[in-house]
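Working notes, structure below.
Heavy-atom basis, side chains included; hydrogens, waters and symmetry copies ignored. As the structure is a computational prediction, the values presented were derived from the model and not from experiment.
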Amino acid sequence: MVVGSSQAYFITNMEPMKFWEFVSLVVEGLGYERSRIKIPTFVIMPIAHLVEWIYKLLGPYGMKLPQLIPSRIRIISCSRTFDCSKAKDRLGYAPIVTLQVL
């Protein structure tokens, strides 16, 4: 039997990290400056609802789907934790590199 066949695995570096910290590291690694502006969810969510309401009114007249909508704000503002213990136990996975810059 092939171990891991037709199975889904999360592959991480086994270091707990918040989503936006990860995104910041990737952005910085690509040579861009980290954003200094942090807008709290409770501030942006009413704006997203307003944008969505305007889209519902103007959408039939050709307005394109906006990027700033409540469902997207909920997705990017929730906490996520990915556990790769299944890959470690069944596949013998061990990370090779760290995301943290020394």
Side-chain angles (χ1 to χ4, degrees):
M1 180 176 149
V2 178
V3 176
S5 177
S6 70
Q7 292 285 313
Y9 297 91
F10 283 111
I11 302 297
T12 70
N13 63 342
M14 296 200 206
E15 297 174 23
M17 182 177 294
K18 293 181 180 180
F19 174 73
W20 285 110
E21 289 175 17
F22 173 75
V23 170
S24 291
L25 284 174
V26 171
V27 166
E28 204 171 65
L30 292 171
Y32 297 101
E33 189 175 325
R34 284 187 187 194
S35 176
R36 295 184 191 146
I37 300 171
K38 294 183 181 181
I39 304 171
T41 304
F42 73 89
V43 172
I44 200 69
M45 192 60 87
I47 297 168
H49 280 289
L50 178 64
V51 168
E52 185 177 54
W53 180 77
I54 292 169
Y55 171 71
K56 286 179 181 179
L57 288 175
L58 301 178
Y61 302 104
M63 181 180 175
K64 292 183 180 181
L65 181 65
Q67 299 297 312
L68 183 67
I69 56 175
S71 59
R72 290 188 178 174
I73 301 301
R74 280 190 289 277
I75 288 170
I76 64 173
S77 65
C78 68
S79 296
R80 295 170 188 81
T81 302
F82 300 103
D83 181 10
C84 67
S85 60
K86 180 178 167 184
K88 181 181 175 187
D89 296 341
R90 294 186 184 176
L91 304 175
Y93 169 74
I96 299 171
V97 296
T98 180
L99 286 177
Q100 299 297 328
V101 179
L102 300 176

Closest heavy-atom pair and its distance - [X], [Y]:
X	Y	answer
A48	P70	O-CD, 3.6 Å
N13	P95	O-CG, 3.5 Å
L68	V51	O-CG1, 3.4 Å

- Task: Is it possible for you to say whether L50 and I73 belong to one hydrophobic cluster, with membership spreading through side-chain heavy-atom contacts below 4.5 Å?
- Result: no
- Task: Can you run down the side-chain hydrogen bond (donor to acceptor under 3.5 Å, both in side chains) pairs that involve residues 48-70, sequence neighbours left out, and say none if there aren't any?
- Result: Q67-R72
- Taking only residues two or more places apart in sequence or in another chain, which ones pass side chain to side chain donor-acceptor pair (under 3.5 Å) with K88? none
- Query: Listed by chain and number, what are the side chain to side chain donor-acceptor pair (under 3.5 Å) partners of S24, not counting sequence neighbours?
  - Reply: none
- Supply the atom-to-atom distance I76 CD1 to T41 OG1, rounded to the nearest 0.5 angstrom. 7.5 Å
- Qualifying residues under side-chain contact (heavy atoms from CB on, under 4.5 Å), relative to I39, sequence neighbours excluded: I37, V43, I44
- Item | Y32: partners by side-chain contact (heavy atoms from CB on, under 4.5 Å), with sequence neighbours left out | V27, L30
- Residue pair Q7, L91: steps toward the side-chain contact (heavy atoms from CB on, under 4.5 Å) verdict: CA-CA 11 Å; Q7 292 285 313; L91 304 175; over 6 Å; no
- Enumerate the residue pairs fulfilling salt bridge (charged side-chain N to carboxylate O under 4.0 Å, His left out) with a member in residues 31-47, sequence neighbours excluded, ordered by first and then second residue. E28-R34, E33-R36
